[in-house]
Amino acid sequence: MSYTSKRQAAVAVILARLEEITVENGFATDAGENVSLGETPQLGPDDPDVALSILVQDDDTGHQGEHIVCQVPIEVHGIVPDNMASPTAAMEALVSDIKRAIEVAGDPARSLGGILVRRGLTRGSTRILRRAAGSEYMGVVVQYVATLGEVWGAP
């Protein structure tokens with residue numbers, strides 16, 4: 001039987017929640033149709049208009065005996081094409097969808113279903129990334145910090 005660390009499990013829950021972002025599920029976009037992990041998506045002509053990517057950043061740890069508390073920054077990057085009628089409005093809809101998908105009301109303890117410590121999921125900054133020269137896309141980054149407790153040797 002394979003072992004899944006709390007860090008892996010937390011990222012998997014966030015990925016699954018983001019994949020639920022579809023108009024059919026009551027969201028404003030279909031961003032959940034194109035979610036990648038660890039890489040910035042590249043959109044082609046046959047891809048949906050929006051895409052998401054989860055980028056896990058370097059964690060910050062603290063120790064108390066055999067117990068370790070890790071704060072893991074997780075960034076959700078989204079892109080929309082700049083040639084839309086209103087790319088800024090599309091960006092704001094995407095920001096709302098990301099927040100609604102991750103911050104589900106069914107998880108009032110903000111623990112990703114018990115994986116994190118109580119109130120272990122916090123939201124950081126939201127940054128709109130303006131279109132770079134020559135790019136056809138605008139981007140957004142919504143940052144979360146997942147705090148999890150580990151025991152030495154059992155991440």
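Position 1 is the first residue of the sequence, and the numbers go up from there.
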Using every non-hydrogen atom in the two residues, find where [X] and [Y] come nearest and quote the distance to one decimal.
X	Y	answer
A28	A93	CB-CB, 3.9 Å
T4	A9	CG2-N, 3.8 Å
G78	L52	CA-CD2, 3.8 Å
V50	N34	O-CB, 4.0 Å
I102	Y144	CD1-CE1, 3.6 Å

Under the side chain to side chain donor-acceptor pair (under 3.5 Å) test, residues paired with [X] that sit two or more places apart:
X	answer
E20	N25
R100	none
T88	none
T29	D97

Does a side-chain heavy-atom distance below 4.5 Å link [X] with [Y]?
X	Y	answer
R7	P155	no
T126	V140	yes
Q57	I74	no

Report whether [X] and [Y] are members of the same hydrophobic cluster (ILVMFWY, side-chain heavy atoms less than 4.5 Å apart, transitive linking).
X	Y	answer
I54	V145	no
I14	V104	no
V76	L37	yes
V56	I98	yes
V13	L55	no

Working to the nearest 0.5 angstrom, can you tell me the gap between [X] [atom1] and [Y] [atom2]?
X	Y	atom1	atom2	value
E33	L18	CD	CG	13.5 Å
E150	S5	CD	OG	7.0 Å
L94	I79	CG	CD1	9.5 Å
S96	K99	OG	NZ	8.0 Å
S86	M91	OG	CE	11.5 Å

Using the test salt bridge (charged side-chain N to carboxylate O under 4.0 Å, His left out), find all partners of [X] that sit at least two apart in sequence or belong to another chain.
X	result
R123	E103
D60	none
D30	none

key: Test side-chain contact (heavy atoms from CB on, under 4.5 Å) applied to E136 - qualifying residues, sequence neighbours left out   =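 Listed in chain order: nothing, the list is empty.
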>> Listing request: all side-chain hydrogen bond (donor to acceptor under 3.5 Å, both in side chains) pairs with a residue in residues 62-72, at least two apart in sequence or in separate chains.
In response: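 Checked against side-chain hydrogen bond (donor to acceptor under 3.5 Å, both in side chains) - neighbours excluded - no pair reaches residues 62-72.
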*Give the intermediate values and the outcome of side-chain contact (heavy atoms from CB on, under 4.5 Å) for residues V95 and I128.*
CA-CA 9 Å; V95 168; I128 300 295; 4.2 Å; yes
Only pairs under 3.5 Å count here: list side-chain donor-acceptor contacts from residues 110-120, not counting sequence neighbours, and write none if there are none.
unit_1: R110; atom_1: NE; unit_2: L121; atom_2: O; d: 3.0
unit_1: S111; atom_1: OG; unit_2: G114; atom_2: N; d: 2.9
unit_1: R119; atom_1: NH1; unit_2: P108; atom_2: O; d: 3.4

Original post:
Other than V141, what residues sit in its cluster of Ile, Leu, Val, Met, Phe, Trp and Tyr side chains whose heavy atoms are under 4.5 Å apart, directly or through others?
Top reply: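 Besides V141, the hydrophobic cluster comprises L129, listed by chain and residue number.
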**Prompt:** In the hydrophobic clustering that connects Ile, Leu, Val, Met, Phe, Trp and Tyr at side-chain heavy-atom distances below 4.5 Å, which members other than I68 occupy its cluster, ordered by chain and number?
**Reply:**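 Listed partners: W152.
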